[in-house]
Each structure stands twice: as structure tokens, then as C-alpha cells.
Amino acid sequence: HGQTGAGKTSILDAVAFALYGTVPGARADERRLVSDHAAAGVAPKVVLEATIGGRHLRIVRSPEYERPKLRGAGTTKEKAKATLTWLDGAGENLSRHEDIGEVVGALLGMSAAQFFQVVLLPQGEFAKFLRADSKDRGALLERLFDTALFGNVEKWFRDKATAGAKALAEQ
């Protein structure tokens, strides 16, 4: 916690970027994940070491960014990079964004959008969630928690009740 401007959102964005390679909301559209305070040429990078689902790992990500050319004037674009290293020694280390995303999604059991909504909901979205009408709130919760199974059970009970009522009326 802290005062406005203390950097809370930046830290949460760093964790989100390490895990999923993106940040929530409009900040993802800016594609500008470089500090205004960093010296020219310093590669933006986040390192997250964590234990998730009993697996100890380190994820290192660097977004696409512009850096000064090594020779001459101007800048050149550096591609985004990512690595996942299994610190528990079990598993193949990864360097493809897609592979890392699949592993993170499987370990956490949620997509980036779900993570942003569930874990980062208090960062500005919580008030919106509270103000939403019950239909919108219900739709959000259904998306977040995959309530399809419960919907199917509810439909099964409804169908059984309808069939039972019909059979009773016929008798």
C-alpha cells in the first residue's frame, strides 16, 4: 500500500508482465514499458522468481524497445525476449513466449485476462465491479470462475422438474 504515485501499479504491472508478457488495460496498448528514468540503452527487464503450484521457477522478460544504435546515430528496435528457468531442476527451460504463456496459464489456472480481473481487480476495477448491476456482475463472475458446470447442473435440474411436472399432469 502507499500514497498515489508510490509505484504500486508499476509493481503489479511488473508481476503481470513477467507472468503473461502483457499488462492490464490501456497500459498494454501504449507498448511503452520503459522507465522514463532509465539511461538510454538500458534494457527494460523484469525478473520474477516464484513458487507456483509447487514448482520453483524464474521468469525473465524484456519487452520490445528502442535502443541507440551501436554505430552511428539513431535507434534500433530490440525484439521482446523471455525465458523460463525451472529452479527446481525438473522440466525443460523455455524461451518461446507462447510456451511460457502455456506453462504459466497451466500453473496458475487462469488466463492473463482472468488474472487481471481476479488478482488486479482492486487496482481501479473494484469500484467499477461494485457499481455494476447484478447482470453485469454475474457475467463477470461467470467468466472469471468458469461456472459452466454449475449452469449445466442447473439446466439438468430444471429439465427434470419440467419433465416430472409434465408426467404428473398427464397422470
Side-chain angles (χ1 to χ4, degrees), residues 1-132 136 139-141 143-146:
H1 68 62
Q3 295 178 352
T4 300
K8 299 179 298 291
T9 300
S10 295
I11 291 171
L12 293 172
D13 281 353
V15 171
F17 183 75
L19 292 171
Y20 292 103
T22 187
V23 294
R27 295 183 305 279
D29 296 335
E30 292 176 21
R31 316 269 306 151
R32 195 175 136 4
L33 300 174
V34 179
S35 171
D36 293 333
H37 306 290
V42 173
K45 175 174 72 169
V46 64
V47 178
L48 176 69
E49 189 171 317
T51 301
I52 305 171
R55 301 294 312 272
H56 193 58
L57 57 97
R58 180 184 305 121
I59 300 172
V60 179
R61 287 194 194 258
S62 180
E64 181 177 273
Y65 70 100
E66 293 279 332
R67 66 161 175 80
K69 288 184 176 182
L70 298 176
R71 292 186 198 90
T75 61
T76 188
K77 190 175 288 192
E78 281 287 331
K79 292 183 181 179
K81 297 176 186 162
T83 61
L84 182 149
T85 305
W86 296 106
L87 300 177
D88 56 18
E92 182 181 344
N93 295 335
L94 305 171
S95 61
R96 290 188 57 230
H97 298 280
E98 297 82 13
D99 296 340
I100 295 169
E102 287 178 19
V103 166
V104 168
L107 287 172
L108 289 175
M110 61 181 85
S111 68
Q114 291 169 322
F115 179 84
F116 298 157
Q117 289 175 329
V118 173
V119 177
L120 303 183
L121 188 62
Q123 282 299 113
E125 293 297 314
F126 190 62
K128 184 169 129 184
F129 175 78
L130 291 176
R131 286 191 303 267
D136 291 341
L140 173 63
L141 292 173
R143 263 197 333 273
L144 294 177
F145 298 110
D146 191 17

For this session: Please answer whether the main-chain N or O of Pro44 pairs with a side-chain N or O of Ser62 as donor and acceptor at a distance below 3.5 Å.
Result: yes
Exercise. Distance from Lys77 atom NZ to Glu66 atom CD, nearest 0.5 Å?
Worked result: 5.5 Å
Exercise. Does Trp86 offer a backbone N or O that forms a donor-acceptor pair with the side chain of Asn93 under 3.5 Å?
Worked result: yes
Exercise. Looking at Thr22, Val23, Val46, which one forms a side chain to side chain contact (heavy atoms under 4.5 Å, CB included) with Asp13?
Worked result: Val23
Exercise. With no hydrogens and no angle check, is any side-chain donor or acceptor of Arg61 less than 3.5 Å from a backbone partner on Phe17?
Worked result: yes
Problem set entry | Glu98 CD: over 12 foreign heavy atoms closer than 6.0 Å | yes
Seminar exercise, completed: Here the pair of heavy atoms bringing Lys81 nearest to His97 is C-CE1, 3.7 Å
For this session: Give a yes or no answer on whether the side chain of Arg67 reaches the backbone of Thr76 with a donor-acceptor pair at less than 3.5 Å.
Result: no
Exercise. Gln114 and Gly109: which non-hydrogen atoms are nearest, and at how many Å?
Worked result: OE1-O, 4.4 Å
For this session: Can you label the angle between the Tyr20 ring and the Phe116 ring as parallel, tilted or perpendicular, going by 30° and 60°?
Result: perpendicular
Exercise. Knowing that exactly one of Val60, Val104, Leu84, Leu19 qualifies, which makes a side chain to side chain contact (heavy atoms under 4.5 Å, CB included) with Leu48?
Worked result: Leu19
Seminar exercise, completed: Between Gly54 and Asp88, the two heavy atoms sitting closest are O-OD2, 4.3 Å
Exercise. When rounded to the nearest 0.5 angstrom, what is the spacing between CG in Leu107 and CD in Glu102?
Worked result: 12.0 Å
For this session: Supply the atom-to-atom distance Thr83 OG1 to Asp99 CG, rounded to the nearest 0.5 angstrom.
Result: 12.5 Å
